[in-house]
Asks: 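Let me give you the structure first, and then I'll get to my questions.
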Amino acid sequence: MSFTVAIDGPAAAGKGTLSKAVAAHFGFAHLDTGLLYRAVGAKTLIGVPAVAAAEALVPEDLLADNLRTSDVAQAASKAAVIPEVRALLLDFQRAFARRAGGAVLDGRDIGTVICPKADVKLFVTASAEVRAERRYLELSGNGQDVTRDGVLADVKQRDARDRDRTTAPLVAADDAVIIDTSNLSIEDAIARAITEISAKTDARP
Ligand code: DC
């Protein structure tokens with residue numbers, strides 16, 4: 001039986017950590033849909049048009065080791081504005097969401113467009129400053145040459161582009177539970193998410 005958890009939110013809100021923890025807790029499969037857009041964005045940086053990159057995307061592309069850089073994140077956000085790119089990535093995401101045994105998908109439009117009937121929808125957010133600080137620590141910890149101001153500007157620019165686009169903008173679904181992690185530890189955020197999901201899994205027939 002399928003059970004879909006949709007986790008959306010802006011850049012660096014903690015969706016990835018939360019999604020992995022939730023998937024491990026319930027034994028669900030996890031798809032970081034941002035990786036699909038990052039893989040397309042990475043191809044555009046070497047001159048492949050975004051639509052052609054999305055058409056030719058193969059699972060191995062998601063394993064490229066440069067997908068976590070700021071340049072690729074920006075390129076992903078730009079490619080994600082193009083409706084054809086989004087349409088090409090739709091079927092893969094929906095098929096993943098329906099897989100037997102349960103699935104967690106995290107992204108920007110999972111609860112609104114990809115899985116509007118998801119069993120649980122969470123919208124994970126935090127202030128831009130808190131998110132930028134977390135992302136700065138992550139990137140600098142990985143040896144990337146970044147500054148706090150640069151990361152904050154990058155996060156704000158991506159937020160604006162992701163929110164203002166016409167197709168599948170970043171917005172909480174009406175029926176999403178909002179989890180603001182600005183003042184929450186990751187452990188508390190995970191516990192909150194597990195409580196929300198357990199309420200629905202326990203109610204299954
Ligand atoms: O989640 P992320 O930071 O890895 O995502 C990178 C970019 O991809 C993000 O700025 C916007 C785009 N994206 C999207 O438009 N829709 C999704 N479901 C996931 C990501």
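All ligand and atom numbering here is 1-based and tracks the order in the structure.
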Asks: Has the side chain of Lys121 got a donor or acceptor atom that lies under 3.5 Å from a matching backbone atom of Pro116?
Replies: yes

Asks: Quick check on contacts: which atoms of ligand 1 are under 4.0 angstrom from a heavy atom of Arg165?
Replies: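 It comes down to these atoms of ligand 1: 14 (C), 15 (O), 16 (N).
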
Asks: Where the closest heavy atom to atom 10 (O) of ligand 1 is concerned, which of Asp154, Leu67, Val40, Asp162 has it?
Replies: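 Selected option, by shortest heavy-atom distance: Asp162.
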
Asks: Residue-level breakdown please: for Arg161 versus ligand 1, do any non-hydrogen atoms fall below 4.0 Å on the side chain, on the backbone, on both, or on neither?
Replies: neither

Asks: Measure Arg108 to ligand 1 on non-hydrogen atoms and call it side chain, backbone, both or neither using the 4.0 Å cut-off.
Replies: both

Asks: Without swapping roles, check the side chain of Lys15 against the backbone of Gly9 for a donor-acceptor pair under 3.5 Å.
Replies: yes

Asks: Report yes if Gln93 has an N/O atom closer than 3.5 Å to an N/O atom of ligand 1; otherwise report no.
Replies: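 It does not: no N or O of Gln93 is found under 3.5 Å from an N or O of ligand 1.
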
Asks: Given the rule that I, L, V, M, F, W and Y join up when any side-chain heavy atoms are under 4.5 Å apart, are Val120 and Val113 in one cluster?
Replies: no

Asks: Does an N or O from Asp32, backbone or side chain, lie closer than 3.5 Å to an N or O of ligand 1?
Replies: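 Looking only at distances, the answer is no, because the N/O contact criterion of under 3.5 Å is not met.
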
Asks: Please say whether Arg38 places an N or O atom under 3.5 Å from an N or O atom belonging to ligand 1.
Replies: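 For ligand 1, there is an N or O atom that lies under 3.5 Å from one belonging to Arg38.
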
Asks: Please classify the Lys78 to ligand 1 contact at 4.0 Å (heavy-atom distances, strictly less than): side chain, backbone, both or neither.
Replies: neither

Asks: Checking the side chain of Asp119 only, and the main-chain atoms of Thr4 only, is there a donor and an acceptor separated by less than 3.5 Å?
Replies: yes

Asks: Please check whether Arg158 reaches ligand 1 - meaning an N/O of the residue sits under 3.5 Å from an N/O of the ligand, judged on distance alone.
Replies: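 Yes; at least one N/O pair falls below 3.5 Å.
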
